[in-house]
Amino acid sequence: MIRFEDVYKRYPNGREALSGISFALERGEMAFLTGPSGAGKSTLLKLVALIERPTRGAVIVNSRNTAGVSRRRIPGFRRRIGVVFQDHKLLHDRSVFENVALPLVIAGFAPRETGRRVRAALDQVGLRGREQHEPITLSTGEQQRVGIARAVASRPDVVIADEPTGNLDPELSLEIMRLLERFNDVGVTLLIATHDLKLVEHLGHRTIRLVAGEISADGFAADGSAARRPATPDPTLTGRHGTRYRD
Amino acid sequence: MIEAAARYFRLHAQNLSGAVSRLLRYPLGSLLTVLVIAIALALPAGMRVFLANVGALSGSWEGAADFTVYLDDAVSEERARELASEIATRADVDQVEFINRADALEEFRSQSGFGEALDALEDNPLPHALVVRPGQTAVNAMETLAESLDALGETALVQLDTEWVARLRAMLELVERTVDIVSALVALAVVLVIGNTIRLEINNRSTEIEVMKLVGGSDGFIRRPFLYLGFCYGLAGALVAALLVAAALALLEAPVRALAELYASVYTLMGLGRRDTLVLLGGGAALGWAGAWIASARHLRAIEPT
Ligand SMILES: Nc1ncnc2c1ncn2[C@@H]1O[C@H](COP(=O)(O)OP(=O)(O)OP(=O)(O)O)[C@@H](O)[C@H]1O
Ligand SMILES: [Mg+2]
């Protein structure tokens with residue numbers, strides 16, 4: 001569903017944010033993207049949503065090489081991807097309903113179908129009945145749930161989230177992650193960048209750890225100790241936990 | 001098919017109502033922009049109304065634009081009548097009146113007060129004359145006619161009775177040309193004003209644009225609300241311009257009536273006709289659309305999600 005093949009990303013200022021990234025996320029898989037600040041997590045997600053393009057290598061999303069997606073076709077490409085942001089990026093001059101409906105209106109759904117899907121999405125994130133509220137009157141956690149509802153409303157195959165719990169306390173963070181897990185349970189492919197190692201450990205999903213633009217670990221423990229390097233295996237890291245125990 | 005059409009009209013209706021509500025949300029700022037556009041548009045619209053009125057007035061002086069053609073002394077009355085009917089068949093001539101030299105003398109005698117002096121003359125000094133009313137009143141058409149009458153051989157003198165009418169016509173043509181130029185400049189100004197307003201609007205709404213791009217909004221989808229906004233600005237400006245012209249005419253009506261009374265005549269000012277009003281409204285809306293189109297083509301592309 002998401003595949004990176006030896007991907008490099010150098011920003012115009014010369015900064016190399018990603019160097020030789022290779023991994024694959026299968027359909028319906030869920031993974032965390034961790035690593036220190038500046039490691040390249042956001043950059044990697046931007047390549048998935050075609051906000052940035054790789055300098056070298058191939059990024060394949062929904063079986064399409066993003067290199068073949070022209071500027072004009074980016075909107076159609078993005079309609080199949082849901083994006084969740086740390087700062088929600090809700091439109092504050094519109095109601096909760098209108099925010100969640102935005103991708104559906106853009107995709108051309110009829111009003112009745114739009115209403116049905118918006119209510120379903122809000123129901124899934126526990127905000128049923130809040131359609132007419134202004135986002136500003138909701139708590140941060142609730143706003144983030146509106147953001148998630150918007151990301152999933154058009155039922156995309158892939159959802160990416162960049163620090164969706166960055167502004168939330170631990171309890172709310174867990175709640176949001178559980179919410180995302182539920183979407184994964186119904187088959188949505190999920191890639192979530194986060195700093196919250198405790199939470200990652202607690203949830204126990206596949207974790208790709210980035211350090212200075214390279215994958216330092218890819219496995220099922222948050223700190224990488226129980227993970228393996230996929231490209232050039234490090235003998236000290238490929239131990240008995242080297243294979244994914246959920247497969 | 002029906003579904004697609006329904007979707008199309010739904011989106012456009014939403015965009016239109018969205019643009020209107022956006023104008024109403026910041027009424028003061030919108031009003032200022034609309035007023036600027038209105039005043040700009042009222043200028044050429046008002047000038048055109050003025051021209052139409054003056055044109056109509058000078059049309060009513062049509063009779064004053066006759067030529068008097070004095071024939072050679074040698075031309076007999078019979079030949080003069082022949083000439084009159086020949087000239088009358090020309091395409092650029094409306095009608096020809098023959099004036100017998102005896103009649104002319106009689107009229108001159110009674111009107112000039114030189115009666116006794118004329119009695120002292122043995123011969124009638126006046127030739128036969130033809131009064132030619134041109135069929136076309138454009139200045140160069142009249143000149144052509146005058147030249148060809150002059151070239152007839154049997155004519156002594158061709159005189160346009162009232163040169164000033166021709167001068168007025170020439171002046172009006174000049175003013176008309178000027179109004180055309182002013183109209184073009186005003187159109188450009190309106191496009192620029194609306195383009196700039198839309199540019200500011202795009203900058204103010206960059207977050208919204210960014211989010212729309214992130215959830216897959218196409219360029220056309222994102223641009224459309226701005227096009228409608230420009231359309232509404234242009235249309236509202238043109239509406240207010242029409243009102244301004246009407247108000248100016250209302251203010252001028254009393255003095256014009258007073259002036260007409262001095263000439264013992266009745267003249268009612270013409271306003272913007274139905275057709276000109278439609279042209280004004282349609283033109284304003286089109287200019288607004290164009291300004292918004294240019295601004296969005298230039299500035300929407302620059303806003304990309306980061
Ligand atoms: N638009 C850009 N232009 C230039 N350099 C950039 C740009 N965006 C990111 N970088 C650089 O690329 C590197 C990776 O940045 P990125 O935002 O991907 O890191 P991150 O892992 O998401 O960090 P954080 O955890 O702080 O969000 C950083 O060194 C950053 O300075
Ligand atoms: Mg980041």
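Since the structure is predicted, the reported quantities are computational estimates derived from the model, not experimental observations. What you see below is based on every heavy atom in this structure, not just the backbone, and it leaves out hydrogens, waters and symmetry mates. Just so we're on the same page: letters track the sequence lines, and every chain starts at 1.
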Inset, instruction - Measure the shortest side-chain to side-chain distance between A:Arg79 and B:Ser218 over non-hydrogen atoms and say whether it is less than 4.5 angstrom. - result: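 Yes. Closest side-chain heavy atoms under 4.5 Å.
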Legend entry - Minimum side-chain heavy-atom gap B:Arg301-A:Arg71 below 4.5 Å: yes
Heavy-atom closest pair, residues [X] and [Y]:
{"X": "B:Val211", "Y": "A:Leu102", "value": "CG1-CD2, 4.0 Å"}
{"X": "A:Arg78", "Y": "B:Lys213", "value": "NH1-O, 3.0 Å"}
{"X": "B:Val215", "Y": "A:Pro103", "value": "CB-CB, 4.1 Å"}

Against chain B, label [X] side chain, backbone, both or neither, depending on which of its atoms sit under 4.5 Å from a heavy atom there.
{"X": "A:Ala110", "value": "both"}
{"X": "A:Arg150", "value": "side chain"}
{"X": "A:Phe109", "value": "backbone"}
{"X": "A:Arg94", "value": "side chain"}

Legend entry - Pair B:Arg22 + A:Asp93: basic N to acidic O under 4.0 Å: yes
Inset, instruction - Look up atom OG1 in B:Thr306 and atom NZ in A:Lys46, then write down how far apart they are to the nearest 0.5 Å. - result: 5.5 Å
Legend entry - Rounded distance (nearest 0.5 Å) linking atom CG of A:Leu90 with atom OG1 of B:Thr207: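 One finds 11.5 Å between CG of A:Leu90 and OG1 of B:Thr207.
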Whether over 12 other heavy atoms sit under 6.0 Å from [X] [atom1]:
{"X": "B:Tyr26", "atom1": "OH", "result": "no"}
{"X": "B:Trp293", "atom1": "CH2", "result": "no"}
{"X": "B:Phe50", "atom1": "CZ", "result": "no"}
{"X": "B:Met270", "atom1": "CE", "result": "yes"}
{"X": "B:Arg25", "atom1": "CZ", "result": "yes"}
{"X": "B:Leu24", "atom1": "CG", "result": "yes"}

Inset, instruction - For B:Glu208 and A:Lys89, run salt bridge (charged side-chain N to carboxylate O under 4.0 Å, His left out): C-alpha distance rounded to whole Å, both residues' side-chain angles, the deciding distance at 0.1 Å, then the answer. - result: CA-CA 9 Å; B:Glu208 181 182 344; A:Lys89 288 205 198 291; over 6 Å; no
